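Heads up, the thing below is written out as structure tokens.
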Amino acid sequence: MEKFEQDRLEKLKKLREKGIDPYGKSCNGLKSLRSIVESYNEKGEESDNVRVAGRISSLRPHGKAAFADIRDWTGKIQLYIKLNNVGEDQFETFKLLDLGDIIGVEGKVFKTKTGEITIVVENLTVLSKALLPPPEKWHGLRDVELRYRQRYLDLIANEQAMKTSLDRIKIIKGIRNFLDSRGYVEVETPMMQPIPGGAVARPFITHHNTLDMDLYLRIAPELYLKRLLVGGMERIYEINRNFRNEGISTRHNPEFTMLEAYEAYGDYNSMMRLTEELVSKLASELRSDSNISFGEKTVDMTTPWRRARFNELLEEYAGVDFDDEAAMRQKAEGLGLETGNMPRDVVANDIFEEEVVPKLNNPTFVIDYPASLCPLTKLCEDDKRFAQRFELYIASIEIANSYTELNEPLEQEKRFIEQIGGKLDWGKLDDDFILALKYGMPPAGGLGIGIDRLVMILTGNPSIRDVILFPLLRPASRPPAEETVE
RNA sequence: GGGGGCAUAGCUCAGCUGGUAGAGCAACGGCCUUUUAAGCCGUAGGUCGGUGGUUCGAGCCCACCUGCCCUCACCA
């Protein structure tokens, strides 16, 4: 507690008395710890000094010598400090160091008799004196609440946390490279929207003072991206945050990262091919094994992935015939689902989520959804009861959602009105979007991929909070309740 | 929002049937110039999440509150 801080403040004072700045300056010519190890393994011992920096993660003093481990974000390396080598003054400085301090070191690389690649310290710089101790070195930081609230400690203490975070960055970069190489361009559309559209979800509301108007944090960028299709941008994507004022769970964070991509003159089939190529490529770049363990489950990412119609799967896993509405309603009631005044499509979808989704373990494209569930989608040509939409499920989690985009303005307007007549009580009809469509939008395929969920699958983390650096939490301590309010 | 679980030293965890608080790591003092979960000797460290209650006595039982985890609902 305060005791730890007191002890360390005392050492800080002593460092200053020795004329050392405990919060040092920038360093040139630093090498990553991993590169030191790799270069030693390739070339063996070298006569030149190396310069490195890192956080002290272990200290093993031996009187007039000491071993220490320092860690950077590429790995760790052992240091060997000998009184004979560094002299009285620097050895004194070393003794004022603690676990968690960040130091710079210069010295030669060698191998100890136990075979560990080690830097013999010749020169030592204090770069940051830590006033609080890091989490325990062996067990790391286990307390999930602390891991989320103080993510920096998680990153320091748990290698896996750092790896997942860096893997996430690789995945997002991989997506950009993939799309860029296919002639897509990345665009930015409004996060604050006067009418939150492109999905059905409760939005966050905010207010602009000068314009004196309420705005909504976007629930999807879709309607703006399609305006760009109208404007002639033929291959576009956006990777950015969406905000939905809904429940929080292992698969839901109020702000989450979404990829949306649109390809003029494509359709949901072209987007399906794109999705399979993209996701399987990311998977193989990240791990050599095509099997990913995900909680209790194991997912086989080997392509080609299964493609099955919505109603086929309903038949296969729920034993329900989409055409036999009475039997379907009976089945739903048997599952304890509310069927009351629900339209048939909604009942079918409820059964689907209850009975089919839990069984979709290996990557599966579910295609051709009931039409009324897809207000922004073109209908199937051979059966107008279904729409040209697919969703990709992996480990029973919805990863991607794609349509052949509806580009008929009057039909779109009609479907919006039906939707509003239904249950939407926030927002209104986005007639500016309809106006855009009236100028002509090319036929197009559109694709959305939930990035956080994709990262969950590809890194094998079953909780979304482990792939978002700072997931939303309640404040740890809240001010005492006001007696006068409410 | 409903249901279930968890909260003990800085960290990781024990704590029996209710009898007054423990270990390892970290810390502090000492010894130690190839160790690696270094070792050896010694020391210190606690509002047992919070507030009430039951009891001669509460970390333990009860109620309420706070936070987190799981799950259901809303949703991606």
Side-chain angles (χ1 to χ4, degrees), chain A residues 1-8 10-11 56-69 76-86 91 98-100 110-118 120 130-150 153 156-158 198-203 219-220 242-260 295 336-338 350 353-354 391-393 397-401 423 448-454 456 462-466 471 473-481:
Chain A
M1 214 193 240
E2 275 181 16
K3 179 180 172 297
F4 291 92
E5 211 169 330
Q6 279 309 321
D7 289 340
R8 286 175 181 237
E10 190 57 36
K11 291 176 181 174
I56 300 174
S57 61
S58 175
L59 274 174
R60 296 180 292 282
H62 288 261
K64 295 188 179 60
F67 290 93
D69 295 338
K76 70 167 193 177
I77 199 160
Q78 176 168 265
L79 306 180
Y80 183 38
I81 297 104
K82 265 201 301 192
L83 177 60
N84 292 1
N85 279 22
V86 297
F91 201 71
D98 288 298
L99 291 182
F110 80 115
K111 212 176 226 179
T112 63
K113 68 180 184 188
T114 51
E116 175 139 359
I117 295 167
T118 301
V120 197
L131 297 182
L132 293 171
E136 206 239 11
K137 63 181 176 186
W138 190 243
H139 298 94
L141 188 68
R142 292 272 178 83
D143 185 320
V144 288
E145 189 173 349
L146 290 183
R147 293 211 296 116
Y148 299 151
R149 285 194 196 283
Q150 294 176 275
L153 294 182
I156 290 170
N158 302 323
V200 179
R202 296 173 64 190
I219 57 175
N242 287 351
F243 307 85
R244 300 192 183 175
N245 204 340
E246 309 271 357
I248 297 176
S249 79
T250 44
R251 290 176 299 280
H252 303 262
N253 195 61
E255 54 177 308
F256 61 102
T257 301
M258 188 82 172
L259 161 71
E260 285 203 11
L337 300 170
E338 274 184 44
D350 287 349
E353 285 181 4
E354 186 76 15
E391 290 193 353
L392 170 65
Y393 282 86
I397 296 178
E398 186 192 330
I399 298 296
N401 183 12
K423 49 181 174 176
I449 294 182
I451 299 300
D452 312 279
R453 290 178 172 184
L454 179 65
M456 286 166 64
S463 172
I464 200 167
R465 295 181 200 99
D466 288 317
L473 298 178
R474 283 198 174 88
S477 56
R478 293 204 278 179

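Naming convention: chains lettered A, B, ... in sequence-line order (proteins, then strands); numbering from 1 in each chain. These numbers were taken from a predicted model, which means no experiment stands behind them. Because only heavy atoms are used, hydrogens play no part in the values below, and waters and symmetry mates are left out as well, while side chains stay in.
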Rounded distance (Å) that lies between atom [atom2] of [N] and atom [atom1] of [X]:
X	N	atom1	atom2	answer
A/Leu131	B/G10	CG	C1'	14 Å
A/Ile156	B/A26	CD1	P	17 Å
A/Leu473	B/C68	CG	P	6 Å
A/Ile248	B/C72	CD1	C1'	16 Å
A/Lys64	B/U35	NZ	C1'	17 Å
A/Leu392	B/A76	CG	C1'	13 Å
A/Glu5	B/A26	CD	C1'	15 Å
A/His62	B/U35	NE2	C1'	4 Å

>> side-chain contact (heavy atoms from CB on, under 4.5 Å) for A/Phe256 and A/Arg244? Distances and angles first, verdict last.
In response: CA-CA 8 Å; A/Phe256 61 102; A/Arg244 300 192 183 175; 3.6 Å; yes
> So, does the side chain of A/Glu116 form a donor-acceptor pair with the base of B/U35 at under 3.5 Å?
Replying inline: no
For residues [X] and [Y], report the shortest heavy-atom separation together with the two atoms involved.
X	Y	answer
A/Asn158	A/Leu141	ND2-O, 3.0 Å
A/Val120	A/Asn85	CG1-ND2, 3.0 Å
A/Arg147	A/Arg142	NE-O, 4.2 Å

Watson-Crick/G-U partner (both atom distances under 3.5 Å) of [N]:
N	answer
B/G52	B/C62
B/A21	none
B/G1	B/C72
B/G67	B/C6
B/G57	none

Which value, in whole Å, describes the distance between the [atom1] atoms of nucleotides [N] and [M]?
N	M	atom1	result
B/U17	B/A9	C1'	27 Å
B/C28	B/C65	C1'	39 Å
B/G52	B/G42	C1'	43 Å
B/G18	B/C56	C1'	12 Å
B/G15	B/C60	P	15 Å
B/G10	B/U66	C1'	22 Å
B/U47	B/C6	P	23 Å
B/C69	B/C13	P	16 Å

>> On RNA chain B, does the nearest nucleotide to A/Ser249 precede the nearest nucleotide to A/Ser58 from the 5' side, or the other way round? Give the residue.
In response: A/Ser58
>> By nearest heavy atom, map A/Glu391 and A/Pro462 onto RNA chain B; which one lands nearer the 5' end?
In response: A/Pro462
Any base atoms under 4.0 Å from [X], or only sugar-phosphate, or nothing? Heavy atoms, all strands.
X	result
A/Pro61	base
A/Leu146	sugar-phosphate
A/Gly140	sugar-phosphate
A/Asn245	nothing
A/Phe110	base
A/Tyr148	sugar-phosphate
A/Gly450	nothing
A/Leu141	sugar-phosphate
A/Lys11	sugar-phosphate

Out of [options], which nucleotide sits closest to the side chain of [X]?
X	options	result
A/Arg244	B/A76, B/C28, B/A37	B/A76
A/Lys82	B/U12, B/A27, B/U33	B/U33
A/Asp143	B/C28, B/U12, B/C11	B/U12
A/Glu136	B/C25, B/U34, B/U33	B/C25
A/Phe256	B/A27, B/A76, B/U33	B/A76
A/Ile464	B/C74, B/C28, B/A76	B/A76

Any side-chain N or O of [X] under 4.0 Å from OP1/OP2 of [N]?
X	N	value
A/Arg465	B/C70	yes
A/Arg453	B/A76	no
A/Thr250	B/U71	yes
A/Arg474	B/U66	no
A/Arg202	B/C74	no

[Y] side chain reached by [X] side chain, heavy atoms, under 4.5 Å:
X	Y	result
A/Pro133	A/Leu99	no
A/Ile464	A/Arg251	no
A/Asn242	A/Ile219	no

>> Tell me whether A/Lys11 at atom NZ has more than 12 heavy atoms from other residues, nucleotides or ligands lying less than 6.0 Å away.
In response: yes
> Would you call the rings of A/His62 and A/Phe67 parallel, tilted or perpendicular if under 30° counts as parallel and over 60° as perpendicular?
Replying inline: perpendicular
